[in-house]
Amino acid sequence: MNDAPLLVEHDGHVVWLTLNRPKRLNAMDDLLLEMLESTLKELAQSDARVIVLRGAGRAFCSGYDIAPDSSEVGYAAERTAIQDRDRLLSNVERFTQIWRQPQPVIAAVHGVCAAGGTQLASLCDITIVADDTKIMASPALPLGGGYISPLWEHLVGPKRAKLMSFDAGHIISGKTAAEWGWAAESVPAEDFDEHVRRTAHSIARTPLELLKLKKEAVNRAAETSGLLSYMRMGAETDALLHMTPEVHEFQSWIKEDGLKGAIKRFNADFDTTEMVKK
């Protein structure tokens, strides 16, 4: 069994990239992000026409790895604000690489897609979700802000973006995500894999040079709104929030009790049973 954090499968003109940390719900650590970056660079020089990004197991991606010993939490106190901002900007550059990739990139989102996972999917060219996917822009424990929500504003408007940002752990379904415009399509879970496969191969009928120019045309229109600029500004906001006593306290909870325990402490006086929306 291949335990590499990123799996690559060539299928004719389609390449499948699988986030492969299923025990961590495909949470992104430094190694996974580095492999994704290097693989996309290699594919940019290939004759592949379509790339599909998906997750192994029961999730697409649960966001950045915020385990007690992760670089996101475990070593956060060792970074200055500038070092933290530069670290966040490096992730922005990695995800912008998807935006600049010559091939169309499809995010095939199933199971769970949370926090940084929504950031990753938002910069893909087409996002297809299963109806029953649970999508959460803000982590269940507020550890930052302003880093992910600008991408949501670009897709769903400011009021829905604020709802998903302000309400920690607010969940919507894949079906709702498509209705809002965050995803291009939502399909029944039992049809999901085949629908993504057919869509990818259908797009791949078109030669790469044509797809590249079509992608650039739409991207230029989106960029006139300042999309890439406010993504970078979001890194600065997030780095600032990481320096606050409140976020330091939440990080200490994770180190003391683990992520689940920290979330339980945060929700101690609140009933979360009604938070999932259709």
Side-chain angles (χ1 to χ4, degrees), residues 3 5 19-33 55-81 83-85 87-88 91 109-121 132-149 152 161-174 177 234-235 237-277:
D3 59 357
L19 308 179
N20 189 39
R21 301 186 73 217
K23 292 181 180 179
R24 298 285 305 146
L25 297 182
N26 302 315
M28 297 178 287
D29 63 359
D30 291 341
L31 179 57
L32 174 55
L33 289 168
R58 58 192 182 92
F60 171 71
C61 177
S62 59
Y64 296 101
D65 194 333
I66 54 175
D69 60 348
S70 67
S71 61
E72 190 75 21
V73 171
Y75 305 101
E78 300 176 11
R79 293 189 291 267
T80 67
Q83 289 171 335
D84 193 36
R85 183 208 62 177
R87 179 185 66 89
L88 294 167
N91 290 334
V109 178
H110 80 290
V112 174
C113 181
T118 70
Q119 188 181 34
L120 176 62
D132 60 356
T133 304
K134 294 181 179 179
I135 300 167
M136 179 171 58
S138 177
L141 189 66
L143 295 172
Y147 191 39
I148 297 168
S149 51
W152 276 77
K162 288 174 182 177
L163 172 63
M164 298 299 290
S165 176
F166 297 171
D167 187 11
H170 190 96
I171 296 171
I172 60 172
S173 67
T237 305
D238 210 41
L240 178 63
L241 286 170
H242 289 171
M243 297 293 111
T244 63
E246 293 84 358
V247 169
H248 286 170
E249 181 178 20
F250 294 149
Q251 290 173 340
S252 70
W253 289 1
I254 294 174
K255 293 176 183 178
E256 293 166 8
D257 301 329
L259 180 58
K260 290 183 178 179
I263 293 171
K264 185 176 181 180
R265 287 173 70 172
F266 178 71
N267 291 326
D269 298 322
F270 183 71
D271 182 4
T272 61
T273 58
E274 298 298 322
M275 292 182 70
V276 178
K277 304 299 180 184

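Throughout, numbering of the chain's residues begins at 1 and tracks the sequence.
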Practice item. Not counting sequence neighbours, which residues clear ring-ring contact (aromatic ring centres under 6.0 Å, His included) with F250? List them please. Key: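 Here the qualifying residues are W253, F266.
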Check your understanding: Among all residues two or more places apart in sequence or in another chain, which pass the side-chain hydrogen bond (donor to acceptor under 3.5 Å, both in side chains) test with T118?
Key ->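 By the side-chain hydrogen bond (donor to acceptor under 3.5 Å, both in side chains) rule, T118 matches W152.
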Please report the interatomic distance [atom1]([X]) to [atom2]([Y]), rounded to the nearest 0.5 Å.
X	Y	atom1	atom2	value
S173	I135	OG	CD1	7.0 Å
D238	D84	CG	CG	7.0 Å
M164	I148	CE	CD1	10.5 Å
R85	T80	CZ	OG1	9.5 Å
I254	K260	CD1	NZ	13.5 Å

Point to revise | Contact check, side chains of L88 and Y147, non-hydrogen atoms, under 4.5 Å | key: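 A side-chain contact under 4.5 Å exists here.
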Has the side chain of [X] got a donor or acceptor atom that lies under 3.5 Å from a matching backbone atom of [Y]?
X	Y	result
S149	S165	no
H110	D132	no
H170	M136	no

Practice item. Please say which of V109, V112, T133 ends up in a side chain to side chain contact (heavy atoms under 4.5 Å, CB included) with F60. Key: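 Between F60 and the candidates, side chain to side chain contact (heavy atoms under 4.5 Å, CB included) is satisfied uniquely by V109.
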side-chain contact (heavy atoms from CB on, under 4.5 Å) partners for [X], two or more places apart:
X	result
L240	none
S138	A168
L32	P5, L6, L19, R21, M28, D29

What are the two closest heavy atoms between [X] and [Y], and how far apart are they?
X	Y	result
H242	H248	O-NE2, 3.0 Å
L33	N91	CD1-OD1, 3.4 Å
N20	A56	OD1-CB, 3.6 Å
P139	A115	CG-CB, 3.8 Å

Practice item. Applying salt bridge (charged side-chain N to carboxylate O under 4.0 Å, His left out), name anything that partners R265, two or more places apart in sequence or on another chain. Key: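 If we apply the salt bridge (charged side-chain N to carboxylate O under 4.0 Å, His left out) test to R265, skipping adjacent residues, the hits are E256, D257.
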